[in-house]
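Quick notes on the structure that follows.
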Amino acid sequence: MPTDHGKQMNNLIRGAKPPATTGQQKADEIRGYYKQGLQQIRGDRHMHPDRRRIEVAQLYATTQAALKQVRDQQAKTDRETFAKLERQLWGYDDVRATAPDRATIDTAIRDAQDRAAKLTKPEQAARALAEAEQAGDSVLARAIAHQAHQRDWDDVVGDYLATRPTAAERYQQAGEIYLRNNTPAGAVSHSFIGALGKPEELSGLDDKTIQSMADPQDTGPTAA
């Protein structure tokens with residue numbers, strides 16, 4: 001997807017905020033457990049302050065690691081899902097799978113792509129798409145729509161998707177992923193997956209110090 005595709009996606013989705021991802025939902029659950037854990041630790045009146053601080057550090061470090069894992073997994077899922085949606089939208093696996101003659105359909109695909117690549121104006125593409133649709137040439141229609149997609153010819157893409165609800169849904173899903181990974185608002189949303197407020201017990205400490213408290217490593221000499 002071209003880097004300047006954000007405008008097209010915004011127009012398609014009408015500027016809607018991308019819906020919450022599975023990663024965001026999981027992160028919210030983890031932060032909920034984190035808050036419960038803090039309440040339990042703080043509620044133990046018999047715990048020594050030093051021990052309480054260590055347990056808070058352990059809870060904080062564990063939660064941070066869990067949130068990072070969720071954030072990384074969401075990024076991986078986005079990459080894989082986006083690639084899959086792109087193949088479904090603009091690839092021809094489905095056409096090849098049902099074609100009686102693979103060589104003939106491959107030739108037709110190449111010819112359609114060559115014809116679409118020669119379109120230089122959205123008006124040309126709109127006319128060519130209408131003619132392909134009227135002739136029932138779905139291969140050419142898809143090639144033209146892909147060309148329009150790459151050139152950000154919004155109206156042409158919209159015409160193509162208007163009669164293809166499944167493709168339109170996939171296009172919107174791809175748009176949501178694109179916005180999430182290529183816009184400032186999306187970057188903020190993604191970074192929030194790993195966000196975790198530092199508890200007052202660890203105020204002033206950096207993450208390295210907190211980690212050493214949570215998982216101390218005995219590097220000194222072993223007693224005889």
Side-chain angles (χ1 to χ4, degrees), residues 1-38 57-97 113 142 145-152 154 157 160-161 164-199 202 206-212 214-215 217:
M1 184 172 291
T3 56
D4 62 349
H5 197 64
K7 178 178 179 294
Q8 178 177 345
M9 287 302 186
N10 273 314
N11 289 338
L12 177 66
I13 307 172
R14 303 303 181 192
K17 180 181 178 181
T21 63
T22 301
Q24 289 168 328
Q25 293 169 352
K26 287 182 178 178
D28 287 342
E29 290 181 16
I30 290 171
R31 279 188 286 267
Y33 289 127
Y34 168 71
K35 291 178 180 179
Q36 292 177 15
L38 273 181
Q58 291 172 338
L59 176 63
Y60 179 81
T62 301
T63 304
Q64 265 199 326
L67 290 174
K68 181 181 183 302
Q69 184 177 11
V70 170
R71 184 181 60 196
D72 292 347
Q73 181 59 49
Q74 181 65 56
K76 180 175 182 290
T77 298
D78 276 352
R79 289 193 299 270
E80 293 175 349
T81 302
F82 187 83
K84 179 181 178 180
L85 291 169
E86 287 273 276
R87 290 195 303 271
Q88 291 173 332
L89 283 164
W90 312 124
Y92 295 91
D93 291 346
D94 58 331
V95 177
R96 292 188 175 100
Q113 291 172 330
R142 187 177 302 184
H146 190 200
Q147 174 78 345
H149 161 78
Q150 291 179 309
R151 289 179 174 267
D152 288 341
D154 301 7
V157 176
Y160 175 77
L161 296 176
R164 296 171 173 83
T166 299
E169 182 178 352
R170 289 169 176 166
Y171 196 80
Q172 179 162 332
Q173 289 173 352
E176 291 166 356
I177 294 174
Y178 181 85
L179 289 174
R180 188 158 59 244
N181 290 278
N182 294 275
T183 64
V188 170
S189 177
H190 181 69
S191 65
F192 184 70
I193 292 178
L196 184 65
K198 191 173 295 182
L202 306 177
D206 57 29
D207 287 345
K208 184 177 180 180
T209 302
I210 294 172
Q211 183 61 45
S212 67
D215 185 21
Q217 299 294 320

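Quick caveat: nothing in here was measured; it's all calculated off a predicted structure.
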Discussion item. Give me the atom names and distance for the closest heavy-atom approach of Tyr34 to Gly197.
Written reply: OH-O, 3.4 Å
Practice prompt. Applying side chain to side chain contact (heavy atoms under 4.5 Å, CB included), run through Arg142 and Asp94 and close with a yes or a no.
Written response: CA-CA 12 Å; Arg142 187 177 302 184; Asp94 58 331; 3.0 Å; yes
Discussion item. Which heavy atom of Ile193 sits nearest to which heavy atom of Gln24, and what is that distance?
Written reply: CG1-CG, 3.7 Å
Worksheet, complete the sentence: Gln73 meets the side chain to side chain contact (heavy atoms under 4.5 Å, CB included) criterion, sequence neighbours left out, with Lys76, Thr77
Worksheet item: side chain to side chain contact (heavy atoms under 4.5 Å, CB included) with Arg87: which residues, sequence neighbours excluded?
Response: Ala83, Lys84
Fill in: For Gln211, side chain to side chain contact (heavy atoms under 4.5 Å, CB included) partners two or more places apart
Ala61, Asp215
Practice prompt. State whether the side chain of Arg164 and the backbone N or O of Glu169 hold a donor-acceptor pair below 3.5 Å, judged by distance alone.
Written response: no
Practice prompt. Could you pull out all residues at least two apart from Gln88 that satisfy side-chain hydrogen bond (donor to acceptor under 3.5 Å, both in side chains)?
Written response: Arg170
Worksheet item: Would a distance-only check, ignoring hydrogens and angles, find a side-chain to backbone donor-acceptor pair under 3.5 Å from Arg71 to Phe192?
Response: no
Worksheet item: How long is the span from the CD atom in Gln113 to the OH atom in Tyr92, to the nearest 0.5 Å?
Response: 5.0 Å
Worksheet item: How long is the gap from CG on Leu89 to OH on Tyr160, to the nearest 0.5 Å?
Response: 7.5 Å
Worksheet, complete the sentence: salt bridge (charged side-chain N to carboxylate O under 4.0 Å, His left out) pairs touching residues 183-193, sequence neighbours excluded, are none
Worksheet, complete the sentence: Closest non-hydrogen contact found for Lys198 with Leu202 is CD-O, 3.5 Å
Discussion item. Could you check whether any side-chain heavy atom of Asp154 comes within less than 4.5 Å of a side-chain heavy atom of Val157, counting everything from C-beta outward?
Written reply: no
Worksheet item: What distance separates Gln172 CD from Leu179 CG, expressed to the nearest 0.5 Å?
Response: 10.0 Å
Fill in: Which atom of Pro199 lies closest to which atom of Tyr60, heavy atoms considered
CD-CD1, 3.6 Å
Worksheet item: More than 12 heavy atoms of other residues, nucleotides or ligands under 6.0 Å from NZ of Lys26: is that the case?
Response: no
Worksheet entry | With Asn181 via side chain to side chain contact (heavy atoms under 4.5 Å, CB included) - residues at least two apart | Asp78, Ile177
Discussion item. To the nearest 0.5 Å, what is the distance between CD1 on Ile210 and CG on Asp207?
Written reply: 5.0 Å
Worksheet item: Could you give the distance from NZ (Lys35) to CG (Leu59), rounded to the nearest 0.5 Å?
Response: 12.5 Å
Practice prompt. Measure centre to centre between the rings of Tyr171 and His149, then say whether the value is under 6.0 Å.
Written response: yes
Discussion item. Quick one about Glu29 and Tyr33 (side-chain donor to acceptor, distance below 3.5 Å, no hydrogens or angles considered), yes or no?
Written reply: no
Worksheet item: How long is the gap from CG on Leu196 to NZ on Lys68, to the nearest 0.5 Å?
Response: 14.5 Å
